[in-house]
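Everything numeric in this text was worked out from a predicted model, so none of it was measured. Each residue takes its place number in the sequence, starting with 1.
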Amino acid sequence: MSMDSHQTKMTFADVELARQLFGEHNSHLQRIAQSLGLKIESRANTVHLNGDKISVELAQNLLTQLYGLLKEKYPVYANDIDYALRMLSANDGAKLKDIFLDTVYVTAKKMAITPKSPAQKEYIDAMRQHDIVFGIGPAGTGKTYLAMAMAVAALTKGSVSRIILTRPAVEAGEALGFLPGDLADKVDPYLRPLYDALHDMMRFEKVTGLMQQGVIEVAPIAFMRGRTLNDSFIILDEAQNTTSEQMKMFLTRIGFNSKAVITGDITQIDLPPQKKSGLIQAKEILSDIEGIKMVFFSQRDVVRHRLVQDIIKAYEAAARKSAQTNGSLRQTAEQPMD
């Protein structure tokens with residue numbers, strides 16, 4: 001046995017909860033063992049952990065807290081283990097209950113929408129406490145989805161009387177007029193992600209009915225001009241593709257008893273090079289205004305398939321390598337000839 005090897009045994013009082021904790025055919029334990037490089041063996045409601053001391057202590061902390069979630073009737077899924085591991089690896093004092101048990105909304109399919117990282121928890125708290133919130137970070141961090149859940153929850157409780165969802169149709173560019181169909185047909189592809197999130201939370205017929213009544217409105221940002229939006233929960237998605245003028249126009253539409261959430265990824269800007277992103281400008285000039293909260297996400301907060309996080313990291317590494325290569329080439333080109 002290695003000098004660094006550490007062993008410990010854990011026994012969980014409730015056999016049924018222990019079975020859920022371990023996963024079907026011990027799949028959860030296998031996931032933890034693979035992630036931390038441990039050897040984990042189980043029998044009935046007892047596990048034996050064997051590996052380096054830090055990893056064993058992390059696994060102990062993880063299993064103890066996940067068991068506590070199960071006791072609170074929170075169903076632990078495989079992805080929850082990944083999120084929890086990420087959190088506890090970064091901060092062993094993190095309390096999973098404070099994050100995972102904060103239910104934002106329960107969908108029509110009886111699925112509870114809850115935060116899965118400290119940044120997501122900060123984002124949800126910000127939306128509760130501030131009238132204007134910016135969620136800035138990479139794809140897959142739940143920026144739009146959680147904002148949508150908060151909007152639907154506010155509408156259901158009667159805190160607001162309507163939901164307005166908007167995003168720039170920048171991908172269509174000037175060619176929008178040449179696309180076939182009426183205006184709805186033309187802009188629908190650019191708004192589809194917002195519809196998808198809505199349908200994930202509410203029955204299709206319910207969404208359709210609310211849209212026909214004007215209670216839920218999905219429209220390109222150009223439709224916001226000249227309006228004052230009172231008693232509304234407004235979400236501006238893909239805000240990195242707004243111009244400075246569009247962002248100012250949007251932010252000055254907000255009326256009484258309204259909340260606005262602006263989401264975007266400043267590394268994925270599709271605007272022409274001469275146009276400055278309204279999201280970047282807003283981040284620079286509005287961060288000190290009381291009542292406006294900016295929450296920043298990183299790839300650590302990605303809550304999609306675990307491969308999405310690896311893909312984002314790979315692209316970021318490639319971008320850094322390209323930048324370094326281009327920098328070296330420029331430096332070489334600028335050197336005087338003998």
**Asked** Can you tell me if Ser42 and Asn26 form a side-chain donor-acceptor pair at under 3.5 Å?
**Response** yes
**Request:** In sequence, state the C-alpha distance, the side-chain angles, and the governing distance for Phe22 and His28, and then conclude on ring-ring contact (aromatic ring centres under 6.0 Å, His included).
**Result:** CA-CA 5 Å; Phe22 299 168; His28 291 173; 9.4 Å; no
**Under 3.5 Å side-chain donor-acceptor pair for Ser277 and Gln240** = no
**Prompt:** Just wondering, more than 12 heavy atoms not from Asp92 lying within 6.0 Å of its CG?
**Reply:** no
**Request:** Say whether, by atom type as modelled, one donor and one acceptor occur between the side chain of Ser232 and the main chain of Ile234 under 3.5 angstrom.
**Result:** no
**Asked** Ser35 side chain to Arg31 main-chain N or O, any donor-acceptor pair under 3.5 Å?
**Response** yes
**Non-hydrogen atoms of Leu279 and Asp265 that approach each other most closely** = CD2-N, 4.3 Å
**Asked** Between the side chains of Thr114 and Thr103, does any donor sit under 3.5 Å from an acceptor?
**Response** no
**Request:** Calculate, to the nearest 0.5 Å, the distance between atoms CG and CG belonging to Asp270 and Asn241 respectively.
**Result:** 4.5 Å
**Message:** Nearest 0.5 Å, please: how far is CG in Leu229 from NZ in Lys259?
**Reply:** 15.5 Å
**Request:** Begin from the C-alpha positions of Leu63 and Met10 and carry the test side chain to side chain contact (heavy atoms under 4.5 Å, CB included) through to its verdict.
**Result:** CA-CA 9 Å; Leu63 288 168; Met10 301 180 72; 4.0 Å; yes
**Message:** Taking Lys293 first and then Asp131, would you say they form a salt bridge - that is, a charged N and a carboxylate O separated by under 4.0 Å?
**Reply:** no
**Request:** Kindly indicate whether the side chain of Leu236, heavy atoms from C-beta on, has any atom under 4.5 Å from the side chain of Met247.
**Result:** yes
**Request:** On the 0 to 90° scale, with breaks at 30° and 60°, tag the Phe12-Tyr67 ring pair as parallel, tilted or perpendicular.
**Result:** tilted
**Item:** Joint cluster assignment, Val106 & Phe100, ILVMFWY side-chain distance < 4.5 Å
**Value:** no
**Sub-4.5 Å side-chain heavy-atom contact between Asp14 and Asn45** = no
**Prompt:** Can you tell which of Val295, Ile280, Ile266, Thr267 makes a side-chain contact (heavy atoms from CB on, under 4.5 Å) with Ile136?
**Reply:** Ile266
**Complete:** Taken to the nearest 0.5 Å, the spacing of Ile124 CD1 from Glu122 CD works out to 11.0 Å
**Prompt:** When you check the side-chain N and O atoms of Asp301 and Thr141, is any donor under 3.5 Å from an acceptor?
**Reply:** no
**Asked** Any idea which heavy atoms bring Val133 and Ala126 closest together, and the distance?
**Response** CG2-O, 3.5 Å
**Prompt:** Counting distance only, does the side-chain N/O of Ser89 pair as donor-acceptor with the main-chain N or O of Arg86 below 3.5 Å?
**Reply:** no
**Prompt:** More than 12 non-hydrogen atoms from neighbouring residues, nucleotides or ligands closer than 6.0 Å to CZ on Arg203, yes or no?
**Reply:** no
**Item:** From CD1 (Ile262) to CZ (Phe250), nearest 0.5 Å
**Value:** 5.0 Å
**Asked** With a cut-off of 6.0 Å (strictly less than), are more than 12 heavy atoms of other residues, nucleotides or ligands near CD of Gln274?
**Response** yes
**Asked** Are Asn257 and Asp231 linked by a side-chain donor-acceptor pair shorter than 3.5 Å?
**Response** yes
**Prompt:** If you look at every heavy atom in Ala94 and Met87, which pair is closest and at what distance?
**Reply:** CB-O, 4.5 Å
**Prompt:** Ile216 versus Ile164: any side-chain heavy-atom pair under 4.5 Å?
**Reply:** no
**Prompt:** Are Leu70 and Tyr77 joined in one hydrophobic group, where the rule is that I, L, V, M, F, W and Y side chains link up if heavy atoms are under 4.5 Å apart?
**Reply:** no
**Message:** Please verify the inter-ring angle class for Phe297 with Tyr123; under 30° counts as parallel, over 60° as perpendicular, anything in between as tilted.
**Reply:** perpendicular
**Request:** Scan side-chain atoms only and decide if Tyr145 and Asp200 contain a donor-acceptor pair under the 3.5 Å cut-off.
**Result:** yes
**Message:** Measuring only between side-chain heavy atoms, which start at C-beta, is Met201 closer than 4.5 Å to Ile113?
**Reply:** yes
**Message:** Is it the case that the side chain of Thr228 and the backbone of Gly255 share a donor-acceptor pair, with hydrogens and angles ignored and the cut-off at 3.5 Å?
**Reply:** no
**Prompt:** Looking only at heavy atoms, which two atoms of Pro115 and Asp102 are closest? And how far apart?
**Reply:** CD-O, 3.1 Å
**Message:** If hydrophobic clusters are built from ILVMFWY residues whose side chains come within less than 4.5 Å, do Val215 and Met150 share one?
**Reply:** yes
**Message:** Taking the basic N atoms (NZ, or NE/NH1/NH2) and the acidic carboxylate oxygens, is any pair closer than 4.0 Å for Arg227 and Glu217?
**Reply:** yes
**Prompt:** Should Ile221 and Phe223 be counted in the same cluster of Ile, Leu, Val, Met, Phe, Trp and Tyr side chains packed under 4.5 Å apart?
**Reply:** yes
**Request:** Mark yes when over 12 heavy atoms from residues, nucleotides or ligands other than Glu284 sit less than 6.0 Å from its CD; otherwise mark no.
**Result:** yes
**Message:** Would you say Met224 ends up clustered with Phe256 if hydrophobic residues are merged whenever their side chains have heavy atoms under 4.5 Å apart, either directly or through other cluster members?
**Reply:** no
**Asked** With side chains defined as the heavy atoms from C-beta onward, is the minimum distance between Gln7 and His48 less than 4.5 Å?
**Response** no
**Asked** Quick one: are Tyr195 and Val218 in side-chain contact, heavy atoms under 4.5 Å?
**Response** yes
**Check: Gln212 side chain, Gly209 main-chain N or O, donor-acceptor pair, under 3.5 Å** = no
**Message:** Just by distance, no angles: are the side chains of Glu57 and Asn61 close enough, under 3.5 Å, to form a donor-acceptor pair?
**Reply:** no
**Prompt:** Taking atom types as modelled, is there a side-chain donor on Ser55 or Asp52 under 3.5 Å from an acceptor on the other?
**Reply:** yes
**Asked** Does atom NZ of Lys95 have more than 12 heavy-atom neighbours, drawn from other residues, nucleotides or ligands, at distances under 6.0 Å?
**Response** no
**Note: Glu245-Lys248 ion pair, threshold 4.0 Å (strictly below)** = no
**Asked** About how many Å separate CG of Asn230 and CZ of Arg253, when rounded to the nearest 0.5 Å?
**Response** 11.5 Å
**Request:** Would you mind checking if Lys39 and Glu41 are paired as a salt bridge, meaning a charged N to carboxylate O distance below 4.0 Å?
**Result:** yes
**From Lys116 atom NZ to Lys121 atom NZ, the distance as rounded to the nearest 0.5 Å** = 13.0 Å
**Message:** Is there a side-chain contact between Asn50 and Leu38 in this structure, where contact means two heavy atoms from C-beta onward sitting under 4.5 Å apart?
**Reply:** no
**Prompt:** What are the two closest heavy atoms between Ile254 and Leu251, and how far apart are they?
**Reply:** CD1-O, 3.5 Å
**Message:** Would you say that Leu88 contacts Gln65 through its side chain, given a criterion of any heavy-atom pair below 4.5 Å between the two side chains?
**Reply:** yes
**Prompt:** Which pair of heavy atoms, one from Asp80 and one from Tyr74, lies closest together, and at what distance?
**Reply:** OD1-OH, 3.2 Å
